[in-house]
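Just below is one structure, and these are the notes that go with it.
As the structure lists them, so they are numbered: ligands from 1, and atoms in each ligand from 1.
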Amino acid sequence: MSFTITGTGRAVPERTVTNDELSTMMETSDEWISSRTGIRERRVLTHETLLELTAAAGRNALENAGASPDEIDLLLVTTLQGDYISPSLSCLVAGELGLSRCTQMLDINMACCGFLYALDAADSYFRAGKATKALVISAEAMSRLLDWGDRSTCVLFGDGAGAAVLEPGDGLLGIRLTVSPGAEHISVGIRGDDSPFENTHNCFSLRMNGQEIYIFAVSAITTEIGKILTSHGLTPDDVGHYVLHQANLRILESARRKLKQPPEKVPHSIERYGNTSSASIPILLDELNRAGTLADGETVVLCGFGAGLTTGTCLLRWHTSKN
Ligand code: ACO
């Protein structure tokens, strides 16, 4: 037996930046951004820290699960970069949330697939008997990692955090992860220019070959979902909802058509938040959970793809009893 998700949470920055506002800052338009991506606006950190956002999402999930902070014995935080490189975001958020019994904690940097990799790691902790109640938080400050002079990437992303509480149970049916190692299609560099010894100069900001990622994403989503469903003797019609990484509405639509599913089974929030990397799946999961959209006992597929290149696909049996 592994885990069941018993609570979810989310937090987004206060500041909304619309496509129209971006078009006053660079040569772009609401029409270009929304027709190619579905994005209308995104949230961006201003006065908040990423730690505050991470803690707010975690607190929200604990409340939703009816769990107290001192019950948590595993904390997994996924992020491309916290407020500090060290201490880790998980160390700081454990303090912020008062997780007094928790010493098992990790930051996981697996870009847009972070939430799936965290669920996979949590599965191992539960099976090994090393965790009884876990908190997973995916939190991203994409606005700090972008080249705001590159209109082809900076309009696509947003900041946010999503979280889930995991308790022993039979909610997890399976997880599949894949990796095709390489940084040529999407990467975020490091600031290493200060070393007098190093003569390689990485570009710090996010760089992406959008068309390559687009092709990879559509094929990866449908292939990986097909594989996990087949291995469990299921077909796409047996799934209640598909909670997919929110990178581009056209990618979601294309995958939906290939899976031959109606629009209501592939919900999206990209129009309001942009691409929040690893936070996008748990943010959407929380919206669906709180709206009562997910029925007790229904099969839910989570699927992410991103830098690495990685994919992560998870099959869940949703339980609403404690949600
Ligand atoms: N506003 C106006 N024009 C723009 C903008 C902008 N913001 N950005 C680029 N353009 C221009 C380009 O300069 C180009 O002009 P040109 O033809 O005169 O050279 C033109 O628009 C077309 O550019 P393309 O890059 O070819 O546009 P495309 O239709 O491929 O759409 C997009 C780009 C939206 C990025 C698309 O490729 C995509 O969504 N790819 C997937 C990206 C993705 O999923 N990323 C996330 C996955 S990984 C992760 O989540 C971390």
Please list the nearest protein heavy atom to [atom] with its residue and the distance rounded to 0.1 Å.
| atom | value |
| --- | --- |
| atom 34 (C) of ligand 1 | Thr37 CG2, 3.7 Å |
| atom 48 (S) of ligand 1 | Ile186 CD1, 3.6 Å |
| atom 43 (C) of ligand 1 | Ile213 CG2, 3.6 Å |
| atom 42 (C) of ligand 1 | Met208 CE, 3.6 Å |
| atom 35 (C) of ligand 1 | Leu156 CD1, 3.8 Å |
| atom 13 (O) of ligand 1 | Arg151 NH2, 3.1 Å |

Quick one: does [atom] have a protein heavy atom under 4.0 Å from it?
| atom | result |
| --- | --- |
| atom 18 (O) of ligand 1 | no |
| atom 9 (C) of ligand 1 | yes |
| atom 32 (C) of ligand 1 | no |
| atom 29 (O) of ligand 1 | yes |

Test Thr16 against every option in Glu41, Arg42, Arg43 by the side chain to side chain donor-acceptor pair (under 3.5 Å) rule and name the one that passes.
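So the option named by the test is Arg43.
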His241: which of Lys265, Glu298, Gln261 passes side chain to side chain donor-acceptor pair (under 3.5 Å):
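So, applying the side chain to side chain donor-acceptor pair (under 3.5 Å) to His241 and each of Lys265, Glu298, Gln261, only Glu298 qualifies.
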Please state which part of Ser152 comes within less than 4.0 Å of ligand 1, counting heavy atoms only: side chain, backbone, both or neither.
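Both backbone and side chain.
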Do Thr37 and Asn248 have side-chain atoms, one donor and one acceptor, less than 3.5 Å apart?
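The answer is no; no qualifying pair exists.
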Do Ser23 and Ser29 meet the criterion of a side-chain donor-acceptor pair at a distance under 3.5 Å?
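Checked: Ser23/Ser29 side chains show no N/O donor-acceptor pair below 3.5 Å.
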Checking the N or O distance criterion of under 3.5 Å, is ligand 1 in contact with [X]?
| X | result |
| --- | --- |
| Asn248 | yes |
| Trp32 | yes |
| Gly210 | yes |
| Tyr214 | no |

Residues [X], [Y]: salt bridge by 4.0 Å N-O rule:
| X | Y | value |
| --- | --- | --- |
| Asp147 | Arg207 | yes |
| Asp20 | Arg40 | no |
| Arg250 | Glu253 | no |
| Arg10 | Glu287 | yes |
| Arg15 | Glu21 | yes |

Taking the minimum heavy-atom distance to atom 49 (C) of ligand 1, which of Gly306, Cys112, Gly308, Ser278 ranks first?
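Among Gly306, Cys112, Gly308, Ser278, the closest heavy atom to atom 49 (C) of ligand 1 belongs to Cys112.
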Heavy atom to atom 6 (C) of ligand 1, shortest distance: which of Thr153, Ile215, Thr28 holds it?
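It is Thr28 whose heavy atom sits nearest to atom 6 (C) of ligand 1.
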Contact with ligand 1 for His245, non-hydrogen, under 4.0 angstrom
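In this structure, His245 qualifies as a contact of ligand 1 - some heavy atom is under 4.0 Å.
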Looking only at heavy atoms, which two atoms of Gly98 and Pro69 are closest? And how far apart?
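So the two residues come closest at O-CB, 3.4 Å.
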How far apart are the closest heavy atoms of Leu116 and Gly304, and which atoms are they?
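Scanning both residues, the minimum pair turns out to be CD2-N, 3.9 Å.
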Distance filter under 4.0 Å to [X] heavy atoms, resulting ligand 1 atoms:
| X | answer |
| --- | --- |
| Gln211 | 24 (P), 26 (O), 30 (O), 37 (O) |
| Glu27 | 1 (N), 2 (C) |
| Ala247 | 44 (O), 46 (C) |
| Asn275 | 46 (C), 49 (C), 50 (O) |
| Arg36 | 27 (O), 29 (O), 31 (O) |

Does Glu14 CD have over 12 foreign heavy atoms under 6.0 Å away?
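Not buried by this count: 12 neighbours or fewer within 6.0 Å.
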Neighbour count above 12 (heavy atom, 6.0 Å) for Glu184 CD
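Yes, because the 6.0 Å sphere around CD of Glu184 holds more than 12 heavy atoms from other groups.
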Could you list all the ring pair (Phe, Tyr, Trp, His ring centres under 6.0 Å) pairs where at least one residue sits in residues 282-310, not counting sequence neighbours?
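Sorted pair list: His245-Phe305.
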